[in-house]
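Below is one structure, written out as structure tokens, with a few remarks after it.
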Amino acid sequence: MEGLARLCKYSLDVEAPTPRIGVSFDGVHIHDLPATHVASLSDILESESPTEFVRKGLTHSREQHAVRDVKLLAPIDHQEVWAAGVTYLRSKSARMEESDFSATAYDRVYDAPRPEIFFKAIGEKVVGPNDAVGIRQDAHWNVPEPELALVMNANAQLVGCTIGNDMSSRDIEGENLLYLPQAKTYSRSCSLGPWIVLMRDEVAIREWSISISIVRNGHACFSGKTSINQIKRSFSELISYLWQSQKFPHGVVLLTGTGVVPDESFTLIAGDQIVIEISGIGQISNHVVVV
């Protein structure tokens, strides 16, 4: 992990967060990027060379903070968050298992030229590290979905990656495919963070692993792990379809699907702690509440 530039939004005030922009190279310390040079994450992401922009910002930096002493916020401004589904074989199997009469749709989309892509959240609704993610009060089968998230600028260029959790109500989605927006898009249904790693090399990113653990009453009740290389479609393919007949003037974040899915006997409950880790980025932890 050491050496990669990791962008973050953070606050020194836990109770009334005032967002600041920082960069970390070790995941332990944050160098503040002063507002006189960097007003938002988008200033960096939309620059011609984000790495060079950060380097120049560091020449003006006079503050450094330990990660443990700050509140990390979701690393997003006004970007929309979208998601790709059925990109892993395990995801296809799980979606078919949960569906009554529409299971073959997942089988077909896995091999189809066009991927499944759907809207997930606006930036203002995204949950950050150590905040609460939600499960719907009208659902009975709720799961987290640990995912690699691709961060793009307004020119459809891949700038970096972060960790995402695509919270899902599997019983609602399984009842009818037309209920997908309700199963996927609701309050606290998406978390991102803690860092945006400035990385564009798909070959290198595909060497990373992604894992999840869920702790209930102090004990692990579920864990799983997979390789990002198991994503069937290339990043360029997913990005190309996302931007077909679309414009994202503030940039966009794309969740790339999940390869770790609990079986049908498991559902999240309030109080569960979800920890998702991607080897090249770090980890994000969220607790569960009913919304």
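We count residues from 1, following the sequence as given. What you see is a predicted model, and the numbers here were worked out from it, not measured in a lab.
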Item checked: Pair Leu198-Phe53, side-chain contact (heavy atoms from CB on, under 4.5 Å): steps then yes or no -> CA-CA 11 Å; Leu198 295 178; Phe53 196 96; over 6 Å; no

Give a yes or no on whether the backbone of [Y] and the side-chain of [X] come within a donor-acceptor separation of less than 3.5 Å.
| X | Y | value |
| --- | --- | --- |
| Ser11 | Thr18 | yes |
| Arg233 | Pro113 | yes |
| Asp77 | Ser42 | yes |
| Asp171 | His140 | yes |
| Asn155 | Gln157 | no |
| Arg136 | Ser189 | no |
| Thr258 | Glu147 | no |
| Asn286 | Gly128 | yes |
| Ser61 | Leu33 | no |
| Asp43 | Ala39 | yes |

For residues [X] and [Y]: do they belong to one hydrophobic cluster (side chain heavy atoms under 4.5 Å, members Ile, Leu, Val, Met, Phe, Trp, Tyr)?
| X | Y | result |
| --- | --- | --- |
| Val290 | Leu268 | yes |
| Ile281 | Ile30 | yes |
| Ile278 | Ile205 | yes |

Next item on the list: Specify whether Phe248 and Trp243 have parallel, tilted or perpendicular ring planes, treating 30° as the upper limit for parallel and 60° as the lower limit for perpendicular.
Entry: perpendicular

Next item on the list: Using the six-membered ring wherever Trp is involved, compare the ring planes of His60 and His37 and label them parallel, tilted or perpendicular (cut-offs 30° and 60°).
Entry: parallel

Note to self: For Phe266, does the six-membered ring have the charged nitrogen or CZ of Arg170 within the cation-pi criterion, i.e. under 6.0 angstrom from the centroid and within 45° of the normal?
What the structure shows: no

Next item on the list: Might you work through the side-chain contact (heavy atoms from CB on, under 4.5 Å) test for Asp69 and Tyr10, ending with a clear yes or no?
Entry: CA-CA 10 Å; Asp69 295 332; Tyr10 73 100; over 6 Å; no

Please round to the nearest 0.5 Å and tell me the distance separating atom [atom1] of [X] and atom [atom2] of [Y].
| X | Y | atom1 | atom2 | value |
| --- | --- | --- | --- | --- |
| Asp272 | Thr267 | CG | OG1 | 8.5 Å |
| Arg6 | Asp26 | CZ | CG | 7.5 Å |
| Gln273 | Arg216 | CD | CZ | 12.5 Å |

Check: Got a salt bridge between Glu145 and Lys184, using NZ or NE/NH1/NH2 to carboxylate O under 4.0 Å?
Finding: yes

Checklist line | Pair Val151-Thr162, side-chain contact (heavy atoms from CB on, under 4.5 Å): steps then yes or no | finding: CA-CA 7 Å; Val151 180; Thr162 189; 4.2 Å; yes

Notebook entry, point to check: Would you say the side chains of Asn229 and Ser227 form a donor-acceptor pair under 3.5 Å?
Noted result: no

Note to self: Could you check whether Glu46 and His250, counting side-chain N and O atoms only, form a donor-acceptor pair closer than 3.5 Å?
What the structure shows: no

Note to self: So, applying salt bridge (Lys or Arg N to Asp or Glu O under 4.0 Å) with Asp131, which one of Arg188, Lys125, Lys71 is it?
What the structure shows: Arg188

Margin query: I want to check something: taking the side chain as every heavy atom from C-beta on, are Val260 and Tyr88 in contact at a cut-off of under 4.5 Å?
Written below: no

Next item on the list: Report yes if some heavy atom in the side chain of Val215 is under 4.5 Å from a heavy atom in the side chain of Val275; otherwise report no.
Entry: no

